[in-house]
Amino acid sequence: MFQRFFTELRAARVPVSLKEYLVLVEALEKEAISTNVEEFYYLSRAALVKDERHLDKFDRVFGQVFKGLENTGDAVSTAIPEEWLQALTQKFLTDEEKAQIEALGGWDKLMETLKERLEEQKKRHEGGNKWIGTGGTSPYGNSGFNPEGIRIGGEGGQRKAVKVWDKREYKNLDDSVELGVRNIKVALRRLRKFARTGAPDELDLDSTIKKSAREGYLDLVLRPERRNAVKVLLLLDIGGSMDSHIKLCEELFSAARTEFKSLEFFYFHNCLYEGVWKDNRRRHEEKTATWDVLHKYPSDYRVVFVGDATMSPYEITYPGGSVEHWNEEAGGVWLQRVADVYERVVWLNPTPAAHWDHTPSIQLVREIIGRDRMFPLTIQGLDGAMRELSR
């Protein structure tokens, strides 16, 4: 059963290694938990899932593999919350079905019988009309038929199942949705190149021991802190159609400032022109010439554009096309200069990729920077962008 669990997780593209699987098996052998489905769920999730974006897939696989699994210890320890049982009365029943329920003794009798079944049943059961299982006519279980039954697990039309270990509390945590700072940080960590630079302020324990033993007295050896040496130039579209993406861009900006020590950022509007700025409140008074940016930051910087690239095509193709000022050179000219100076350039677009082919300005931007260099601003898109920048 556990081997199938491992293979199903791999098939669902959850990156579970053999080492992590063996850790789970070892924990079970040493009885780290009691024989309880809920405890096994949390133990296996902690041992096998190392990235929050895979929790949804893990929950799905867990539900498929262990559907119908019963507690092998104290069967009553996984208590059914009373509010769940009360919710069953919301089901729409015909007069005939209500009469059948009354024939059993009403809801109180039904609940009492369920508790007895939980105490008596020791294994999984399929078919039949008594035990908690699947595919039968018992009042308890799923995938069968009984008008007054209580569905435990499985699928059902009323969607009121009692299924603690498959609640899927993390159903929004998937690699195709826009998430918060924590998950963005995980994606950005793909872009790493460590080096020791700066002032020596960290104790080098191994060198200290060796030198002290050689010299005959304590001689502390210090070294620079090991840092991510990747240098990033972040260019952020601000205002207009980007207003609806402010929260997501704030999360990306916050995560990037944490992950990259060598991070420089500038703002632009719609398309890159002859000037950029750092403070939106003073963007008309305190601008930085784009030429200065291209000369100040060398070609080993990785450039990340963030914007929806949604604008009039004239802003990209014609002088004077900007909606805010008279630009002597077309925006596309400046985008091309960035692409010529920097070898590693990506564009993160918060607009869903399904709309890109229907927006002319997005197509123009992709033609300039490279069609395979624009990525959706999702966790999956960030993964792809970081791989591109790592080449």
Side-chain angles (χ1 to χ4, degrees), residues 15-20 22-23 26-27 46-54 179-236 249-267 276-279 286 288-306 338 341-346 348 375 379 382-391:
V16 181
S17 67
L18 183 59
K19 180 179 179 181
E20 293 163 347
L22 292 176
V23 167
E26 182 180 2
L48 302 178
V49 182
K50 301 303 181 185
D51 193 329
E52 293 176 357
R53 81 190 73 172
H54 301 302
L179 299 177
V181 176
R182 170 69 179 84
N183 299 85
I184 293 174
K185 286 182 179 180
V186 172
L188 293 180
R189 285 172 190 167
R190 289 188 177 276
L191 186 58
R192 284 182 168 184
K193 182 180 179 182
F194 288 104
R196 297 190 181 278
T197 57
D201 54 4
E202 179 182 271
L203 177 64
D204 187 343
L205 185 59
D206 291 339
S207 298
T208 296
I209 294 173
K210 292 178 182 178
K211 190 170 184 180
S212 298
R214 185 172 61 252
E215 300 294 341
Y217 58 87
L218 181 61
D219 190 356
L220 297 180
V221 178
L222 300 178
R223 64 186 178 186
E225 182 182 354
R226 186 170 176 261
R227 301 175 182 271
N228 186 1
V230 170
K231 294 178 286 186
V232 176
L233 180 58
L234 186 62
L235 300 174
L236 299 145
C249 291
E250 284 178 342
E251 292 173 345
L252 174 66
F253 184 56
S254 175
R257 296 196 73 171
T258 302
E259 291 301 316
F260 304 117
K261 301 300 181 183
S262 299
L263 173 70
E264 296 293 339
F265 71 93
F266 294 94
Y267 296 107
V276 291
W277 58 92
K278 278 185 171 289
D279 188 345
E286 298 180 358
T288 302
T290 307
W291 269 124
D292 292 345
V293 174
L294 299 182
H295 288 111
K296 182 177 180 179
Y297 303 106
S299 59
D300 61 342
Y301 269 77
R302 272 79 163 175
V303 178
V304 180
F305 284 93
V306 180
V338 171
V341 172
Y342 300 99
E343 181 182 355
R344 300 177 179 89
V345 179
V346 297
L348 297 174
F375 299 87
I379 299 303
L382 279 173
D383 273 344
M386 295 307 104
R387 289 193 182 96
E388 176 67 25
L389 292 177
S390 299
R391 292 180 180 177

(message) Are the side chains of Val293 and Val338 in contact, using a 4.5 Å heavy-atom criterion?
(response) no
(request) Decide yes or no for Glu388 and Phe375: does some side-chain heavy atom of the first lie under 4.5 Å from some side-chain heavy atom of the second? (result) yes
(request) With the side chain counted from C-beta on, respond yes when Leu389 and Val232 share a heavy-atom pair under 4.5 Å apart, and no when they do not. (result) no
(request) With sequence neighbours left out, write down each residue that passes side-chain contact (heavy atoms from CB on, under 4.5 Å) with Leu22, or none if nothing qualifies. (result) Leu18
(request) Give the minimum heavy-atom separation between Leu348 and Ala385, together with the two atoms involved. (result) CD2-CB, 3.7 Å
(message) Can you see whether Tyr267 has Lys278 sitting over its ring - NZ or CZ less than 6.0 Å from the centre and within 45° of the normal?
(response) no
(request) Check side chain to side chain donor-acceptor pair (under 3.5 Å) between Asp206 and all other residues, then give those that pass, not counting sequence neighbours. (result) none
(message) Suppose we screen for side chain to side chain donor-acceptor pair (under 3.5 Å). Which residues come up paired with Ser299, at least two apart in sequence or across chains?
(response) none
(request) Output all residues satisfying ring pair (Phe, Tyr, Trp, His ring centres under 6.0 Å) with Phe253, sequence neighbours left out; order by chain, then residue number. (result) Phe265
(message) Could you report the tightest heavy-atom contact between Arg223 and Leu203, atom names first, then the distance?
(response) NE-O, 4.2 Å
(request) For residues Val16 and Glu20, determine if any side-chain heavy atom of one lies less than 4.5 Å from a side-chain heavy atom of the other. (result) yes
(request) Determine yes or no for a side-chain-to-main-chain donor-acceptor pair under 3.5 angstrom, with Thr208 supplying the side chain and Val221 the backbone. (result) yes
(message) Tyr297: which residues meet the side chain to side chain donor-acceptor pair (under 3.5 Å) condition with it, sequence neighbours left out?
(response) Glu264
(message) Counting C-beta onward and ignoring hydrogens, is there a side-chain heavy-atom pair between Leu233 and Tyr342 closer than 4.5 Å?
(response) yes
(message) For a quick test of reading the model, state the closest non-hydrogen atom pair linking Val341 to Leu294 and the distance between them.
(response) CG1-O, 4.3 Å
(request) Run through Leu263, Leu236, Val346, Leu382 and flag the one making a side chain to side chain contact (heavy atoms under 4.5 Å, CB included) with Val304. (result) Val346
(request) Identify the two heavy atoms, one from Ser390 and one from Met386, that lie closest to each other, and give their separation to 0.1 Å. (result) OG-O, 2.7 Å
(request) To the nearest 0.5 angstrom, please state how far the OG atom of Ser262 sits from the CZ atom of Arg302. (result) 11.0 Å
(message) What's the separation between atom OH in Tyr301 and atom CG in Leu234, rounded to the nearest 0.5 Å?
(response) 12.5 Å
(request) Flag yes if more than 12 heavy atoms outside Lys210 fall under 6.0 Å of its NZ atom; otherwise flag no. (result) no
(message) Show the nearest heavy-atom pair for residues Asp219 and Ser212, with the distance to one decimal.
(response) N-OG, 3.0 Å
(message) For Glu343, give me all partners under side chain to side chain donor-acceptor pair (under 3.5 Å), at least two apart in sequence or on another chain.
(response) none
